[in-house]
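Input: a single structure, listed below in structure tokens.
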2 protein chains.
Amino acid sequence: MSSSSPALDVAMAYYNAWTSQDMDLAMSYFADDVVCDAPAGRIEGTAAYRDFLGPFTQILQSAELIAAFGDDTKAVLIYDTRTLPVDSAPGAECLTVTNGKIVYNRFIFDRLPFEQARNPAN
Amino acid sequence: MSSSSPALDVAMAYYNAWTSQDMDLAMSYFADDVVCDAPAGRIEGTAAYRDFLGPFTQILQSAELIAAFGDDTKAVLIYDTRTLPVDSAPGAECLTVTNGKIVYNRFIFDRLPFEQARNPAN
């Protein structure tokens with residue numbers, strides 16, 4: 001399901017760190033000026049990225065990798081997560097790696113079940 | 001950004017077909033008993049899959065492939081789409097291919113902006 005690559009090695013190290021709720025280690029794989037296009041909009045810099053992903057790791061119960069591919073500069077991770085509010089919350093990340101650091105991430109997941117968990121009336 | 005593979009060849013043919021709004025051609029790449037885990041739940045069989053994806057192609061204005069990887073049996077596509085209700089609606093598909101046909105797809109996208117476009121009050 002995966003073929004090793006320089007970008008994938010970094011992506012997997014990041015994935016293993018954040019799914020283990022080790023945000024210090026996870027953030028060590030990012031360039032300081034990382035840009036992430038996430039469902040709610042663009043995130044710039046490691047502090048903002050940590051504010052985005054850190055709270056999610058607090059509600060994360062388990063993660064299961066579905067697919068991981070990469071080449072020299074780009075890696076894709078597809079996974080499912082079980083979280084406190086949402087039983088199955090899959091995600092996709094497409095990471096660009098330069099000089100061993102993640103410089104860009106396109107992050108895709110469905111916000112709707114989280115929104116519904118917050119506002120059951122909707 | 002991509003490395004050729006048997007699964008990726010089928011995935012790309014399917015992607016090129018549906019993003020060209022050719023649902024007849026797109027569906028020709030699926031096994032009759034395809035299973036798709038989509039944000040709203042499980043879809044089973046080609047008729048249900050067509051009912052799921054066909055309406056989306058009607059609001060599709062353009063699609064841009066971001067990443068495509070695959071091996072013998074699995075392919076991953078990451079792309080952005082521009083649609084009538086939502087300017088940027090990225091998607092991720094993780095397709096399993098057996099005997100030249102797509103037998104399974106894990107389909108990830110954010111339903112929230114489409115829900116908000118339908119119900120602006122939310």
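We use all heavy atoms of the structure for the numbers below, so side chains are in, but hydrogens, waters and symmetry mates are not. In what follows, every chain begins at residue 1, and chains take the letters A, B, ... in the order their sequences are listed.
Applying the 6.0 Å contact sphere to CD of Glu64(B) captures no more than 12 heavy atoms from other residues, nucleotides or ligands.
Using a 4.5 Å cut-off between heavy atoms, Asp80(B) touches chain A through its side chain atoms alone. Residue contact with chain B, scored on non-hydrogen atoms closer than 4.5 Å, is absent for Thr73(A). Residue contact with chain B, scored on non-hydrogen atoms closer than 4.5 Å, involves the side chain of Arg106(A) exclusively.
With respect to the salt-bridge test (charged N to carboxylate O, under 4.0 angstrom), the residues Arg82(B) and Asp87(B) do not qualify.
At a cut-off of 3.5 Å, with distance as the only test, a side-chain donor of Tyr14(A) or Glu93(A) sits close to an acceptor on the other residue.
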Dump the intermediate steps for ring-ring contact (aromatic ring centres under 6.0 Å, His included) on Trp18(B) and Tyr79(B), then the final yes or no.
CA-CA 13 Å; Trp18(B) 82 253; Tyr79(B) 50 82; 5.6 Å; yes
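The greatest number of non-hydrogen atom pairs below 4.5 Å with chain A, out of Pro90(B), Pro39(B), Ala7(B), is found for Pro90(B).
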